[in-house]
Amino acid sequence: MDVDMEPAGGSVADASELNPDDGFRRGSELVKRYFMQLTQGCGRKGCPNRNCLNCPDGRGHLDPTAAALLSLELAQGSSHQLCEDEPPFLHLEMVQELITAAERTGDTKPFMKEVAAVFSNSEALNHSFLQSDAQLQQTAEKLCVPLSELSGLDTVAVVETYRALLRLQSVEVLNALMNATESLLCKLQVAQLAQPSFVSEGSAVRQFFILLHNPLLLEPQYHKQVLLPLLSLIAVLPQPCTAQLVRWLSVLPAEQMQQMVSVCQQFVTVRLYHTQRIDDAVIAGTRVLGQLYEANEHALECGRRSGKDPLDYHAFYNDAVNQEVNLKEDYRRWKSDRNEFSFCKHPFILEPSSKSRVLMYDATAQMTHEFEGAILRSLFVGATSPYLVVKVRRSHLINDTLLQMSLRKEDLKKPLKVQFIGEEGIDEGGVQKEFFQLIMSQIFDVNYGMFTYDEDLRVYWFNRSSFENEREFELIGILLGVAIYNGVILDVRFPHVVYKKLMRQSLTLADLKRAFPGIGSNMQQLLDYEGPDVESTFSLCMQVCYEQFGEKCTHDLLPGGADVSVTSENRAQYVELYTRYLLEDSIERQFSAFMRGFHSVCGGDCLQLFRWEELELLICGSPVLDFEALERVTQYDDGYSRDHPTIMLLWQAIHGLPLELKKKFLFFSTGSDRVPIKGLGNLNFVISRNGTDEERLPSAAYVFQPSPAA
């Protein structure tokens, strides 16, 4: 327990300068008070003063001589740590005793007095609910963090205290708690106005940590007087204090952090719907939500979130922001030079579909600039088309596309229109989808040689032995970017590392284990092996062996790697080098071209709004086929309705289909078996009669037209 004590009075030396007799009497009195404190204690269980017998981390029982000598030493100090001069404090055992007494006597006033005294005083709250040194050490070992990363607070006791207050079901006690909290926050706001650095790094940050745990903050009645000032203060904490708070938050269990996230989300939502504008309250709530997001990301990186204890990035999306905020105007604020608040600066709060819209606004802004520059040119060379028009032959699909994309690089962000040479038809979306399906199936054909396919994992990977021109890998990257700008979902089956690499994120063994579980498991087994002789057991050297065109090939991970055996001392290096080679070095030529093509279309600030998971969702769509959601949003025309016998039989049949047939139905109806970012519940899906002839088969007109059915 670390306790910062303020001087209880002037020093003995200062007093004696005024009057020697008074100084002697005061010094003698201090010695007596310290002696009583050291030998008998102050009577408060869990006292935070280390020079008190009641302190769990104090000096323990001292014999009279030792206590007298220490009392004399303490009395001669320039500052004093006397329990009776210190503010009150609370700990769980004290709270439980006070509640028991209140329930027994029916009198809650003593409890209310203690609660009000602590929660209205910064120093008192900062020194409440502290862990003992032994508890603190145990927590550090459990979480594998240094003591400096911990708050020193017993968060379990904080949570249980709030729960005990709620279980008491006393309106008077809860009012005392919230009124005291409001009083404390008012004092802190005055201090913040007087001095921006109103809180120093250290124990003074604990009060905000404790107050964030209060479940009553979920009640809208406390938003204005308690939650708003709390979030406003946390949002403007000095940077060292913010960093400290984030570190403390990162060690919290997911359940506790989820409550804080819910508090901030509810506050931002209610405020946006109520005011219909982005005010200082919304900004403060968003910034504190950002601190929680940062803490949660740190917890995930450190492995503090197990599969049974999840809190992922989806929890930070805010429906009100994504539905009510004018994202076009938000994009303008983001790009302005006036340092205005923008949700684009806090992308964790935006859903992938919203980020996709921002990406479109950015493309439109760039194209507008391009159009303005082309006005004069159009006087001489003709009008500029607002579309990226691609004319291709089915028999030469890749070559024609490669040629036209390379000649139209300045138009890649324009809406795509595809025309198959020799075929009539207007591209209203269907031709475009067919184009992507055809060219992707050709490019990813293993016989074409650009990619390999893992039958077990059902993913494609770059062929390290490919002789294809880099321009063709660049074309794939371009196509992915063009598909994003045209809202086309692609059936691209890459492992997740491809999207992490596109976002320029580093890769580790964890990524290898996720992308290629068999190889990753072998690497982990090598690291975990506890036998006496790694070298003879595994018989490995600093070299990778692989097969190319039926021949065995090798690659040295180190110069002369064939002669360097893998031992217990260098196995971690071997795993690191092997991972880097497989995921990066072996496909550097192919992936660099692919990445260059992708970033030529999607590169820039807007891409940084996305997480790699969201980028994968943007390209490949949602993996969830929720046909119940599709049924809920489906509209009917030409005499059909939700209760029509034909429609009821249709949905009954669809829900009974296996997954593969559901995908085929989706492909028939929409032109793609991939699900849009926001799921099937976001489709504009219309079922109508296909004439009066009962012998006609169902047909579909997709993308921009309703979907007729027989």
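Keep in mind that the numbers below use all heavy atoms, side chains included, and drop hydrogens, waters and symmetry copies. Since we're looking at a predicted model, the values are computed, not measured.
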Taken to the nearest 0.5 Å, the spacing of E551 CD from Y546 OH works out to 11.0 Å
**Pair Y317 and H314, ring centroids less than 6.0 Å apart** = yes
Scanning both residues in full, the closest heavy-atom pair of I484 with L359 reads CG2-CD2, 3.4 Å
Closest heavy-atom pair, V601 versus K413, reported as atoms and distance to 0.1 Å, is O-CE, 2.6 Å
* Any side-chain heavy atom of V498 within less than 4.5 Å of one from V492? -> no
Rounded to the nearest 0.5 Å, the OG atom of S669 sits from the CG atom of L680 at a distance of 10.5 Å
Checklist entry - Are any side-chain N or O atoms of N322 and backbone N or O atoms of I349, one a donor and one an acceptor, separated by less than 3.5 Å? => result yes
Residues pairing under salt bridge (Lys or Arg N to Asp or Glu O under 4.0 Å) where one sits in residues 492-505, two or more places apart or in two chains, turn out to be D491-R493, K500-D511
Full working for side-chain contact (heavy atoms from CB on, under 4.5 Å) between H346 and R287: CA-CA 8 Å; H346 307 272; R287 286 177 174 159; 4.0 Å; yes
Side chains of L502 and F594 in contact at under 4.5 Å (non-hydrogen atoms): yes
Check: Would you find a donor on one side and an acceptor on the other, under 3.5 Å apart, between the side chain of R393 and the backbone of I421?
Finding: no
Review point. Taking the inter-plane angle between the rings of F343 and F341 on a 0 to 90° scale, is it parallel (under 30°), tilted (30 to 60°) or perpendicular (over 60°)?
Key: perpendicular
| query | Ignoring hydrogens and geometry, is there a side-chain-to-backbone donor-acceptor pair from D362 to C606 under 3.5 Å? | reply | no
- Message: Check whether S356 reaches the backbone of P352 with its side chain - one donor and one acceptor, N or O, closer than 3.5 Å.
- Response: no
With side chains defined as the heavy atoms from C-beta onward, is the minimum distance between D454 and W461 less than 4.5 Å? no
Checklist entry - Less than 4.5 Å apart, any side-chain heavy atom of L615 and any of F598? => result yes
Quiz item: Backbone N or O of E340 within a donor-acceptor pair of the K345 side chain at under 3.5 Å?
Solution: yes
Here the pair of heavy atoms bringing L457 nearest to A515 is CD1-O, 3.4 Å
Closest heavy-atom pair, N570 versus M542, reported as atoms and distance to 0.1 Å, is O-CE, 3.5 Å
To the nearest 0.5 Å, atom CG of L582 lies from atom CD1 of I587 at 8.0 Å
Interatomic distance, CD@E297 vs CG@D312, rounded to 0.5 Å, equals 9.0 Å
Stepwise side-chain contact (heavy atoms from CB on, under 4.5 Å) test for Q442 and L397: CA-CA 9 Å; Q442 289 187 25; L397 195 57; 3.8 Å; yes
**Prompt:** Under 4.5 Å between any side-chain heavy atoms of T401 and F435, yes or no?
**Reply:** yes
Residue set satisfying side-chain hydrogen bond (donor to acceptor under 3.5 Å, both in side chains) with S250, at least two apart, ordered chain then number -> R304
Exercise for the section: Give the intermediate values and the outcome of side-chain contact (heavy atoms from CB on, under 4.5 Å) for residues V482 and F436. Expected result: CA-CA 10 Å; V482 171; F436 277 110; 4.0 Å; yes
_V389 vs K391 side-chain heavy atoms within contact, under 4.5 Å_ = yes
Are side-chain heavy atoms of L583 and F516 found at a separation under 4.5 Å? yes
Tightest non-hydrogen contact, residues S688 and D638, listed as CB-OD2, 3.7 Å
**Report entry** side-chain contact (heavy atoms from CB on, under 4.5 Å) evaluation trace for T554 with C545
**Finding:** CA-CA 4 Å; T554 60; C545 298; 3.8 Å; yes
*asked:* Between K355 and P347 (side chain of the first, backbone of the second, donor and acceptor by atom type, cut-off under 3.5 Å), is there such a pair?
replied: yes
List the atom pairs, with distances to 0.1 Å, where a side-chain N or O of residues 471-480 and a protein N or O form a donor-acceptor pair under 3.5 Å, not counting sequence neighbours.
unit_1	atom_1	unit_2	atom_2	d
E472	OE1	Y448	OH	3.2
E472	OE2	Y448	OH	3.3

*asked:* For Y499 and F494, take the angle between the two ring planes, folded into 0 to 90°, and tell me which bin it lands in: parallel under 30, tilted 30 to 60, perpendicular over 60.
replied: perpendicular
Does the ring center of F316 lie less than 6.0 Å from the ring center of Y313? no
Scanning both residues in full, the closest heavy-atom pair of V325 with L272 reads CG2-CD1, 4.3 Å
Please check if any side-chain donor atom of N463 sits under 3.5 Å from a side-chain acceptor atom of T452, or the reverse. no
Between R632 and E628, does the salt bridge (charged side-chain N to carboxylate O under 4.0 Å, His left out) criterion hold? Intermediate values first, please.
CA-CA 6 Å; R632 286 194 295 270; E628 283 77 12; over 6 Å; no
Open item on the list: Parallel, tilted or perpendicular, judged at 30° and 60°: which one describes the rings of W651 and H655?
Closed with: parallel
Practice prompt. Take atom CD of E588 as the centre, draw a 6.0 Å sphere, and report whether it contains more than 12 heavy atoms from other residues, nucleotides or ligands.
Written response: no
Distance col, row S342:OG vs L350:CG, nearest 0.5 angstrom, shows 8.0 Å
- Query: Would you say N318's side chain and V268's backbone share a donor-acceptor pair under 3.5 angstrom?
  - Reply: no
Is a side-chain donor or acceptor of S521 paired with a backbone partner of P517 at a separation under 3.5 angstrom?
no
With heavy-atom distances below 4.5 Å as the criterion, would you say the side chains of L540 and L526 are in contact? yes
In this structure, CG of L289 is separated from CD of Q291 (nearest 0.5 Å) by 10.0 Å
- [ ] Check whether any side-chain N or O of D411 sits under 3.5 Å from a backbone N or O of K414 as a donor-acceptor pair, and report yes or no.
- [x] no
* Asked: F462 and Y460: aromatic ring centres closer than 6.0 Å?
  -> no
| Would the number of heavy atoms belonging to other residues, nucleotides or ligands and lying under 6.0 Å from CD of Q548 be above 12? | yes
Original post:
Ignoring hydrogens and geometry, is there a side-chain-to-backbone donor-acceptor pair from R580 to L557 under 3.5 Å?
Top reply: no
